[in-house]
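Since the structure comes first, as structure tokens, the remarks are kept for the end.
In what follows, residues are counted from 1 in the order of the sequence shown. Atoms within a ligand are numbered from 1 in the order they appear, just like the ligands themselves.
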Amino acid sequence: MKIVLIGVGQAGGKLSTALARHDDAMGFRAVRDAIAVNSANADLQDLPLDTVLIGQARVNGHGVGGDNELGAEIMQEDALELLDEVSGRIDSATEAVFIVAGLGGGTGSGGAPVLAKELKRIYDIPIYAIGILPGRDEGSLYQVNAGRSLKTLTREANSVILVDNDAWRSTGNSMEEGMTAINERIAERLGLLLAAGEPVEQDSVLGFSDSAEREIAQSVVDTSEVIKTLRSGGLAAVGYAASQASEDPDDNINVVTSTTRQALLTGTSLPQASEADAALLVVAGRPDVLSGKGIEHARSWVEAETKSMAVRGGDFPIDSDELISLVLLGGIERSPRVEAFMERAAEAKRETTEREQTKEPAGEGFQKDELEDLC
Ligand code: GDP
């Protein structure tokens, strides 16, 4: 899929950078352009991407703190300037735009839904979002912000792929790994999804040195399958797992099925999300050891597990000793994790409101609305 990435806010800029770097390092060339947008000048300084500073008239480059209403307002005010900057990057080959944002902060949380709405008014291609949910231990303001942002973003974007910051802990790695390491792991997973459907040059990917052996591998998975899987809209998640491949494709029947189980049961970007409206299984690995039978078995298993009749499957050739299963789940609103998160956000909202009411009469700010829309 040929895409343009727009990172909004600090997390959005950093994760977009990780995604662009991974895409480049792997030679996928799915990320055709990437920019970072922020109201905090300092957060744009170290990014290797083109950057756009918004809200200068209102916050003078100092950011919006945790105020996502202000984040939404300044995005709306500076939308034309930003769209102008973006328009030179989206061309007839672009198949989708991905807006990347942390939903718990201010600029990304408030700005991403507004940007999605504005982009959708202009472009016919899908406008997707990659939304980062705050971890359980993050303060109530993050939860409240994320709850409101998620609701609005789900309405405005064609689909929101959720990345739960808690997911990286539940797979045995703590937050102490640092955000950079976490972003790299997210980029490895989402990067493969973005690349699925792109023809990959075998000489770069499969390491052929003899030019006579060079040819273009046509991947079985097609970009349109990713778009179809996300067509129902709403929330989405990505499952990922990798295992050592055997040299014998027959032995890899079991490797593919067990790796796919791991991807869905323990490796999703949103834990406990397994029921879905639609799914796409992509199995990546060396073409000479990939097992078509294994992929078909695994696809049937995903169908039973997700309780969806719309499960697509295919392979994606990469130069690796491993077999990687990637499962894209579309339409996961009913998953226990989403319900738990919305409950957590509503609870945090109630607590914040109560605290504010005991302190002083309600003024401007978060207490004035009931998880209502940001724009
Ligand atoms: P903004 O700059 O106002 O949009 O706010 P942030 O982007 O800092 O959003 C804060 C939320 O994003 C919190 O939930 C953080 O845990 C999360 N976050 C901040 N930086 C990163 C990052 O680099 N990676 C990830 N995965 N999450 C981040």
Side-chain angles (χ1 to χ4, degrees), residues 5-22 36-49 51-55 58-59 61-75 78 82 99-116 129-150 152-153 160-171 173-191 237-238 269-271 341 344-345 348 366 374:
L5 280 174
I6 308 177
V8 189
Q10 180 182 221
K14 286 204 234 153
L15 184 53
S16 295
T17 300
L19 281 162
R21 280 196 171 134
H22 182 76
V37 185
N38 210 326
S39 61
N41 205 8
D43 290 341
L44 292 174
Q45 291 307 313
D46 297 331
L47 297 177
L49 309 176
T51 60
V52 178
L53 183 65
I54 55 168
R58 296 281 291 272
V59 298
H62 295 307
V64 299
D67 187 344
N68 65 354
E69 284 187 353
L70 184 55
E73 283 170 25
I74 61 172
M75 179 62 83
D78 288 358
L82 178 56
I99 300 170
V100 189
L103 303 186
T107 306
S109 174
V114 177
L115 180 58
I130 296 172
I132 303 168
L133 288 182
R136 239 183 241 103
D137 300 344
E138 295 188 44
S140 54
L141 179 61
Y142 291 92
Q143 315 296 339
V144 175
N145 283 354
R148 299 168 69 205
S149 179
L150 184 57
T152 320
L153 193 55
V160 182
I161 300 178
L162 284 178
V163 175
D164 186 339
N165 266 347
D166 274 343
W168 319 107
R169 257 185 287 202
S170 59
T171 51
N173 292 281
S174 70
M175 289 292 253
E176 288 89 65
E177 269 187 46
M179 286 300 183
T180 307
I182 290 176
N183 291 345
E184 277 166 15
R185 297 187 62 216
I186 299 172
E188 188 180 25
R189 286 149 176 75
L190 292 180
V238 172
S269 62
L270 185 80
F341 172 74
R344 200 200 307 166
F366 294 109
L374 286 165

With rounding to the nearest 0.5 angstrom, report the [atom1] to [atom2] distance, [X] to [Y].
X: L70; Y: S109; atom1: CG; atom2: OG; value: 11.5 Å
X: L82; Y: I54; atom1: CG; atom2: CD1; value: 7.0 Å
X: R136; Y: N165; atom1: CZ; atom2: CG; value: 12.0 Å

Point to revise | Sidechain N-carboxylate O distance under 4.0 Å for R21, E184 | key: no
Subset of ligand 1 atoms that lie under 4.0 Å from at least one heavy atom of [X]:
X: P134; result: 14 (O)
X: Y142; result: 10 (C), 13 (C), 14 (O)
X: N183; result: 22 (C), 23 (O), 24 (N), 25 (C), 26 (N)
X: G106; result: 1 (P), 3 (O), 4 (O), 5 (O)
X: G108; result: 4 (O)

Checking heavy atoms under 4.0 Å, the part of K14 that sits near ligand 1 is side chain
Short version for L15: what comes under 4.0 Å of ligand 1, heavy atoms counted, is neither
Using every non-hydrogen atom in the two residues, find where V8 and A112 come nearest and quote the distance to one decimal.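 Looks like CG1-N, 4.5 Å.
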Taking every heavy atom of S16 against every heavy atom of G7, the minimum-distance pair comes out as OG-CA, 3.2 Å
For ligand 1, find out whether one of its N or O atoms is nearer than 3.5 Å to an N or O atom of [X].
X: T107; result: yes
X: N38; result: no
X: S109; result: no
X: V64; result: no

- Query: Is there a donor-acceptor pair under 3.5 Å between the side chain of E69 and the backbone N or O of G110?
  - Reply: no
- Task: Would you check, one step at a time, whether the test side chain to side chain contact (heavy atoms under 4.5 Å, CB included) holds for F341 with L150?
- Result: CA-CA 10 Å; F341 172 74; L150 184 57; 4.0 Å; yes
